[in-house]
Amino acid sequence: IATSRLDAFKTWLTEQGVLSSNIPVIPQQVENQGLGIVAKGRSVAQNEDVLSVPQELWMSVAVARLHPTIGPFCQNLRPWVALALLLLYEKAMPSSFWRPYIDILPDTLDSPLFWSNEELMQLEGTQLLGSISGYLQHVDSEYTTLFQEVIEPNPGIFNTSLFSRDLFLWAFGILRSRTFPPLTGDELALVPFADLVNHGMVLNMDGPSWEKKSSGFFDRREYLTLRAPISVKEGEQIVMQYGKVKSNGKLAVDYGFVECGPKTTAIRDSFTLTLEIAESDRFFDDKIDIAELNGLSAIVYFDLVYEQGLPDNMLPFLRLIALSGTDAFLLEALFRNSVWDHLQLPVSRVNEEAVCKAIVDGCHVALTSYPSTIDEDLNLLQDIELSPRLKIAAAIRLGEKRVLQELQLLFETRLQELHKLEYYAERRLRNLGLMDDKGDLTPWVFEG
Ligand code: SAM
């Protein structure tokens with residue numbers, strides 16, 4: 001961002017009464033992170049409100065819907081689409097009230113949504129690549145509808161070159177990376193100045209430190225305040241936690257950066273496993289019924305996070321999928337209320353083996369589809385000169401593979417230990433008192 005633009009923005013904030021010598025922060029260029037918010041004049045205490053932006057300065061869905069020119073078109077649009085339209089409309093207006101703010105918004109974003117095909121090849125084999133195309137399709141179809149229903153029929157209001165597909169995607173990226181709770185949904189809003197806060201790498205907070213406050217009983221003016229989550233010395237940056245449980249994939253798509261390195265306090269490596277009861281399964285109907293009774297469905301997505309163990313319900317669901325042959329009696333109506341309890345523990349050696357093999361083989365196939373090895377990615381990430389986009393790609397590949405490898409190892413180990421597990425039949429005998437703890441049939445029951 002050119003200094004002149006930043007200066008114009010600071011002047012605007014000062015005129016609006018938001019920036020003054022009374023507040024302990026200023027917007028400033030930060031190394032490798034674009035603009036940020038820095039303590040000025042003194043240090044800042046933990047939990048101190050460092051800035052406060054009145055509602056009149058927000059670019060919000062409400063402003064879009066009440067807008068004299070574009071308001072009528074925004075009534076039935078999704079909140080984010082209405083706000084994207086407002087942003088592009090104001091961006092196209094030289095005399096916009098938000099001119100100084102719009103001028104400091106980044107033109108290019110590093111989210112993979114904006115990568116060239118060549119750059120996207122760095123994500124080959126990853127799950128993220130699939131979700132990127134999902135996002136792009138979604139934005140594309142929203143744009144197509146907006147174009148046909150709003151932009152094209154109103155050439156006097158919307159100059160198509162200033163409301164292009166590319167600019168719409170840019171607006172989507174801006175909204176994704178600069179809006180935070182509690183301003184979401186119908187309350188979605190861009191808040192100039194407050195949206196300059198960068199993500200902190202080491203904070204243990206759960207989520208963003210934006211807060212909505214109202215002043216007085218009568219004027220009900222709303223403000224957005226930014227609270228400093230930790231104390232900061234003069235000249236240092238105020239940062240906030242964008243989301244403690246967001247995976248690197250999500251950070252990459254939303255914000256165009258990833259968190260990696262030894263200082264990481266949050267766990268960012270993840271992989272979403274999709275498990276499905278096949279329609280060709282001869283017990284399909286019974287299995288669906290059982291899944292639904294337990295809050296699941298034919299397809300279930302399990303988010304696996306590195307070193308966090310298996311998600312609840314994953315093993316029972318795997319056992320249910322694999323249930324067949326002599327174990328199928330558990331699918332009978334008689335067991336409908338208790339089958340899920342039984343599936344919490346190994347059902348039979350055959351069933352448990354099928355579960356383990358399915359996972360081990362699945363991981364193997366997934367792991368061979370990545371072009372680089374874990375060590376190669378680790379080496380790349382050592383390079384401090386690595387471009388932001390290559391860093392994202394390497395961290396994503398590495399993270400997904402780490403999770404898959406951990407999962408594979410877990411089930412390989414289990415496969416070696418199948419003989420040590422206790423299965424349904426033994427448990428049942430033991431519960432009936434017919435077997436001792438060593439697995440021997442107890443003699444006294446026969447003695448009567
Ligand atoms: N730095 C932004 C700017 O110049 O306008 C203001 C913060 S904005 C809410 C979020 C964007 O800031 C992200 O999409 C990313 O580009 C950048 N950012 C925030 N935290 C970061 C971090 N820890 N590392 C790298 N980039 C970061």
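In each ligand, atom 1 is the first atom listed, and ligand 1 is the first ligand listed.
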Pairing residues for Phe147 by the ring-ring contact (aromatic ring centres under 6.0 Å, His included) criterion, not counting sequence neighbours: Tyr143

Return the closest protein heavy atom for [atom] as residue, atom name and distance.
atom                    : answer
atom 4 (O) of ligand 1  : Leu35 N, 2.7 Å
atom 15 (C) of ligand 1 : Tyr255 O, 3.3 Å
atom 10 (C) of ligand 1 : Tyr242 OH, 3.3 Å
atom 23 (N) of ligand 1 : His199 O, 3.0 Å

Residue pairs meeting side-chain hydrogen bond (donor to acceptor under 3.5 Å, both in side chains), one or both in residues 301-321, sequence neighbours left out, come to Thr272-Asp303, Asn313-Trp340, Arg319-Glu352

Proximal atoms of ligand 1 relative to [X] (non-hydrogen, under 4.0 Å):
X      : answer
Ser177 : 8 (S), 9 (C), 10 (C), 14 (O)
Gly34  : 4 (O)
Asn198 : 1 (N), 2 (C), 6 (C), 7 (C), 12 (O), 17 (C), 18 (N), 19 (C), 20 (N)
Phe180 : 9 (C)

Minimum heavy-atom separation for Pro192 and Val53, please, with both atom names. O-CG2, 3.5 Å

Looking only at heavy atoms, is any part of [X] under 4.0 Å from ligand 1, and if so is it the side chain, the backbone, or both, or is it neither?
X      : result
Asp195 : backbone
Phe257 : side chain
Val197 : backbone

Greater than 12 external heavy atoms within 6.0 Å of Glu31's CD: no

Has His364 got more than 12 heavy atoms of other residues, nucleotides or ligands less than 6.0 Å from its NE2? no

Check Leu19, Ile37, Leu226 against Val25 for a side-chain contact (heavy atoms from CB on, under 4.5 Å) and give me the one that passes. Ile37

Indicate yes or no: does an N/O atom of Leu196 lie under 3.5 Å from an N/O atom of ligand 1? no

For ligand 1, find out whether one of its N or O atoms is nearer than 3.5 Å to an N or O atom of Asn32. no

Any side-chain to backbone donor/acceptor pair from Arg165 onto Thr144? Under 3.5 Å, distance only. no

Ring-plane angle category for Phe302 and Phe317, please: parallel below 30°, perpendicular beyond 60°, tilted otherwise. tilted

Go through Glu400 and Tyr370 one step at a time and tell me if the side chain to side chain donor-acceptor pair (under 3.5 Å) criterion holds. CA-CA 10 Å; Glu400 290 189 10; Tyr370 294 87; 2.5 Å; yes

